[in-house]
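The structure appears right after this line, and notes come after that.
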Amino acid sequence: MEESDLIVERKKKLAELRKLGIEPYGRRFIRTHKIAEIKGDIPGKVKIAGRIVALRGHGKAAFADIKDITGKMQLYFKNDILGDGRYEIFEKVDIGDFLGVEGSVFRTRTGELTIRVEDFKILAKSLRPLPEKWHGLKDVELRYRKRYLDLIANEEVPEIFRKRSQLIKKMREFLEKKGFLEVETPIMQEIPGGAKARPFITRHQALDTELYLRIAPELYLKRLLVGGLEKVYEINKSFRNEGIDTLHNPEFTMLEAYSAYGDYQEMMELTESLIVSLAKEILGKEELNYQEQKINLKSPWQRMSLKESLKKYCSFEDFSDLKKMRKIAKSLNLELTGAENGFEIGDAIFKKKVQASLINPVFILDYPLSTSPLAKSKPGNAEIVERFELFIGGLEIANAYSELNDPREQRKRFEEELKEERESVKKAIDEDYLEALEYGMPPAAGLGIGIDRLVMLLTNSPSIRNVILFPQLKPKQ
RNA sequence: GCGCCCUUAGCUCAAUCGGUAGAGCAGGACACUCUUAAUGUCAAGGUUGCAGGUUCGAUUCCUGCAGGGCGUACCA
């Protein structure tokens with residue numbers, strides 16, 4: 001039978017219901033209980049609503065399972081009880097329909113809590129068949145393109161998004177308690193800054209100007225530090241016009257937080273206590289499994305410089321030994337242009353070799369200045385900046401640094417950066433940002449946390465698409 | 001972008017050393033007033049992702065395309 005035949009069949013029932021004077025798309029239905037609230041025998045009548053997910057007919061009686069957001073309940077429809085042609089109407093109900101039912105709670109012979117339906121209303125007729133009841137919806141493409149079906153068919157899916165919501169809520173609470181102010185900064189920016197990704201371009205008609213979707217909110221949040229707001233954060237969607245894979249979606253959710261008078265050491269403490277407290281709230285514990293790996297989040301977390309990590313996992317001693325590093329890079333099939341300095345090759349080797357070994361939380365510190373144009377250099381070492389990235393379960397979860405607040409140094413870094421910029425990206429220095437710095441920005445620490453990846457970690461999800469309700473896919477022709 | 005793999009009924013899956021596809025669920029009909037992956041009987045459901053090629057014959061082999069998955073590159 002073609003799908004259209006299944007739909008024809010249901011449309012037929014719809015018409016028949018209307019003929020019987022039943023409107024199959026109902027209105028407000030006032031419930032006395034949500035399903036999970038019906039735990040024992042409840043005297044009198046209850047009214048619940050939900051979607052029919054299973055039907056088991058027995059001649060002039062039937063059992064049905066109805067589901068709301070809190071759980072599932074068995075319903076018992078019986079000709080003798082409904083009476084007067086009402087059972088005939090019930091026979092036009094399909095799996096997938098939304099019903100409001102009224103009845104009394106009892107236990108079946110097998111002890112299952114069930115509602116003996118005395119009256120019911122069809123709240124919405126479903127015209128399409130639901131995915132298979134036992135195996136759920138497995139087709140990965142369908143799950144993403146029609147997430148509503150995934151939510152109906154696969155129990156663990158709503159749970160992931162409940163946890164995601166919980167995590168963001170608790171993150172807010174944590175930061176508020178620490179005195180951070182939540183702000184909103186422009187998504188459409190004249191000059192996209194704060195990261196080096198390719199931006200999406202859009203256009204404002206009335207202003208007759210091109211605008212860019214932000215790749216990060218960083219430069220606007222730091223303007224607020226100039227303005228005297230000492231602790232700010234934004235839970236933001238940012239947009240990067242780059243490849244899509246298990247760790248990257250073109251639009252993604254990030255926390256960025258800035259704290260005046262602090263440095264990256266302060267941010268490490270904040271990050272550690274934030275993530276530990278989130279794990280306790282969401283999972284109720286500090287240990288978790290991520291993709292076959294056992295992870296222990298218990299403080300204190302390990303801290304290691306980038307250089308030390310390379311020594312430990314790739315056993316090479318000296319960043320000035322370019323020959324040796326190139327050899328290692330080559331053995332890892334890394335493509336190099338030949339113009340890289342020691343730190344850049346080191347970073348590439350790190351990504352390829354070290355990262356996968358960082359299962360328990362590790363702060364990797366002290367990145368090369370050349371790849372960190374907005375970070376403050378370490379006292380006594382102009383090549384290195386005060387920056388860390390946090391790795392858990394082999395995933396890069398956070399990135400933070402002591403913020404560069406010297407406007408002339410910042411200009412120099414921007415100019416350096418401009419030289420290597422890719423052709424598709426607008427070549428411009430954010431003069432307005434530099435001007436802001438000239439008014440004086442307090443020394444500060446800044447933090448970025450990839451919320452999608454953190455949710456992946458806490459829900460044991462192998463792909464970022466599992467934790468984004470509507471991940472980006474190619475349009476289907 | 002590159003490499004490898006996948007695409008069979010609405011859903012979940014079989015099958016074919018190249019001989020025109022078969023189950024379960026869902027849907028239809030009948031029976032059944034305590035079932036719970038209800039049960040029993042019957043009937044129906046397919047341009048095997050799309051377009052070409054080879055062949056007497058292609059769902060199967062080959063090429064191209066589309067979508068998807070994984071890896072890799074870009075994403076400081």
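Letters go in sequence order (proteins before strands), and every chain restarts at 1. Remember, predicted model here, so these are calculated numbers, not experimental data.
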With a 4.5 Å heavy-atom cut-off, do [X] and [Y] have their side chains touching?
X        : Y        : answer
A/Asp263 : A/Glu266 : yes
A/Ile191 : A/Tyr433 : no
A/Tyr264 : A/Thr271 : no

How long is the line joining [atom1] of [X] and [atom2] of [N], in whole Å?
X        : N     : atom1 : atom2 : value
A/Lys11  : B/G28 : NZ    : P     : 16 Å
A/Asp245 : B/U72 : CG    : C1'   : 10 Å
A/Lys92  : B/A29 : NZ    : P     : 8 Å
A/Glu91  : B/C32 : CD    : C1'   : 12 Å
A/Glu132 : B/U12 : CD    : P     : 8 Å
A/Tyr144 : B/G67 : OH    : C1'   : 14 Å
A/Asp94  : B/G10 : CG    : C1'   : 13 Å
A/Ile7   : B/A9  : CD1   : C1'   : 14 Å

Looking at [options], which one has an atom nearest to any side-chain atom of [X]?
X        : options             : result
A/Arg145 : B/G68, B/A37, B/G10 : B/G68
A/Asp139 : B/U12, B/G27, B/A76 : B/U12
A/Pro373 : B/G24, B/G68, B/A76 : B/A76
A/Glu141 : B/C75, B/G68, B/G10 : B/G68
A/Lys352 : B/G10, B/U72, B/C74 : B/U72
A/Leu6   : B/A76, B/A26, B/G69 : B/A26

Given the ring of A/Phe106, does A/Arg116 sit roughly above its face, with NZ or CZ under 6.0 Å from the centre of the six-membered ring and within 45° of the axis? yes
Report yes if a side-chain nitrogen or oxygen of [X] is closer than 4.0 Å to either non-bridging phosphate oxygen (OP1 or OP2) of [N]; otherwise report no.
X        : N     : value
A/Arg465 : B/G68 : no
A/Arg128 : B/A26 : no
A/Ser370 : B/A76 : no
A/Lys133 : B/A26 : yes
A/Arg240 : B/A76 : yes

Under 4.0 Å, heavy atoms only, any strand: does [X] hit a base, just the sugar-phosphate, or nothing?
X        : result
A/Arg413 : nothing
A/Leu149 : nothing
A/Ala195 : base
A/Lys12  : nothing
A/Gly136 : sugar-phosphate
A/Gly96  : nothing
A/Leu142 : sugar-phosphate
A/Leu127 : nothing

By side-chain contact (heavy atoms from CB on, under 4.5 Å), which residues pair with A/Ser126, not counting sequence neighbours?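 A/Ser126: side-chain contact (heavy atoms from CB on, under 4.5 Å) contacts with A/Arg10, A/Asp97.
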Rounded [atom1] spacing from [N] to [M] in Å:
N     : M     : atom1 : result
B/G40 : B/A58 : P     : 40 Å
B/A23 : B/A37 : C1'   : 15 Å
B/A9  : B/G18 : P     : 22 Å
B/U48 : B/A21 : C1'   : 8 Å

Quick check: any donor-acceptor pair below 3.5 Å linking the side-chain of A/His248 to the base of B/C75?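 It does, because a donor-acceptor pair links the side chain of A/His248 to the base of B/C75 below 3.5 Å.
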Does any N or O donor sit under 3.5 Å from an N or O acceptor when you compare the side chain of A/Asn241 with the base of B/C74? no
Taking A/Glu403 as the fixed residue, which of A/Lys376, A/Gln410, A/Lys222 is the one that meets the side-chain hydrogen bond (donor to acceptor under 3.5 Å, both in side chains) rule?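 The single option meeting the side-chain hydrogen bond (donor to acceptor under 3.5 Å, both in side chains) with A/Glu403 is A/Lys222.
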Please evaluate residues A/Gln189 and A/Tyr220 with respect to the criterion side chain to side chain contact (heavy atoms under 4.5 Å, CB included), reporting the C-alpha separation (whole Å), side-chain torsions for both, the decisive distance (0.1 Å), and the verdict. CA-CA 10 Å; A/Gln189 303 180 345; A/Tyr220 283 89; 3.5 Å; yes
A/Arg86 side chain to A/Asp119 backbone, donor-acceptor under 3.5 Å: no
Backbone of A/Met456 reached by a side-chain donor or acceptor of A/Arg164 within 3.5 Å: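 No; zero donor-acceptor contacts below 3.5 Å.
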Want to settle it: does A/Val140 or A/Leu374 sit nearer the 5' end of RNA chain B, counting the closest nucleotide to each?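 Its nearest nucleotide being more 5', the pick is A/Val140.
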Of A/Asp65 and A/Lys138, the one whose closest RNA chain B nucleotide lies more 5': A/Lys138
So A/Phe120 and A/Phe90, would you call those rings parallel, tilted or perpendicular, with 30° and 60° as cut-offs? perpendicular
Structure string for RNA chain B in dot-bracket form, Watson-Crick and G-U at under 3.5 Å, | interchain: (((((((..((((.....[..))))..((((.......))))......(((((..]....))))))))))))....
Which label fits B/U55, syn or anti, where anti is any glycosidic angle not within 90° of 0?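 The base of B/U55 is oriented anti (glycosidic angle more than 90° from 0).
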Between the protein and nucleotides 33-35 of chain B, which nitrogen or oxygen pairs come in under 3.5 angstrom?
| residue | atom | partner | partner atom | Å |
| --- | --- | --- | --- | --- |
| B/U33 | O4' | A/His58 | O | 3.2 |
| B/U33 | N3 | A/Asp80 | OD1 | 3.2 |
| B/U33 | N3 | A/Asp80 | OD2 | 3.0 |
| B/U33 | O4 | A/Asp80 | OD1 | 2.4 |
| B/U33 | O4 | A/Asp80 | OD2 | 3.2 |
| B/C34 | O2' | A/Arg109 | NH1 | 3.0 |
| B/C34 | O2 | A/Arg109 | N | 2.8 |
| B/U35 | O4' | A/His58 | NE2 | 3.2 |
| B/U35 | O2 | A/Arg56 | NE | 2.8 |
| B/U35 | O2 | A/Arg56 | NH2 | 3.3 |
| B/U35 | O2 | A/Gln74 | OE1 | 3.1 |
| B/U35 | N3 | A/Gln74 | OE1 | 2.7 |
| B/U35 | N3 | A/Gln74 | NE2 | 3.0 |
| B/U35 | O4 | A/Gln74 | NE2 | 2.8 |
| B/U35 | O4 | A/Thr108 | OG1 | 2.9 |

Decide if atom CD of A/Glu155 counts as having more than 12 heavy atoms of other residues, nucleotides or ligands within a radius under 6.0 Å.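 No, not enclosed.
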Measure the NZ-CZ distance between A/Lys67 and A/Phe98 for me, rounded to the nearest 0.5 Å. 10.0 Å
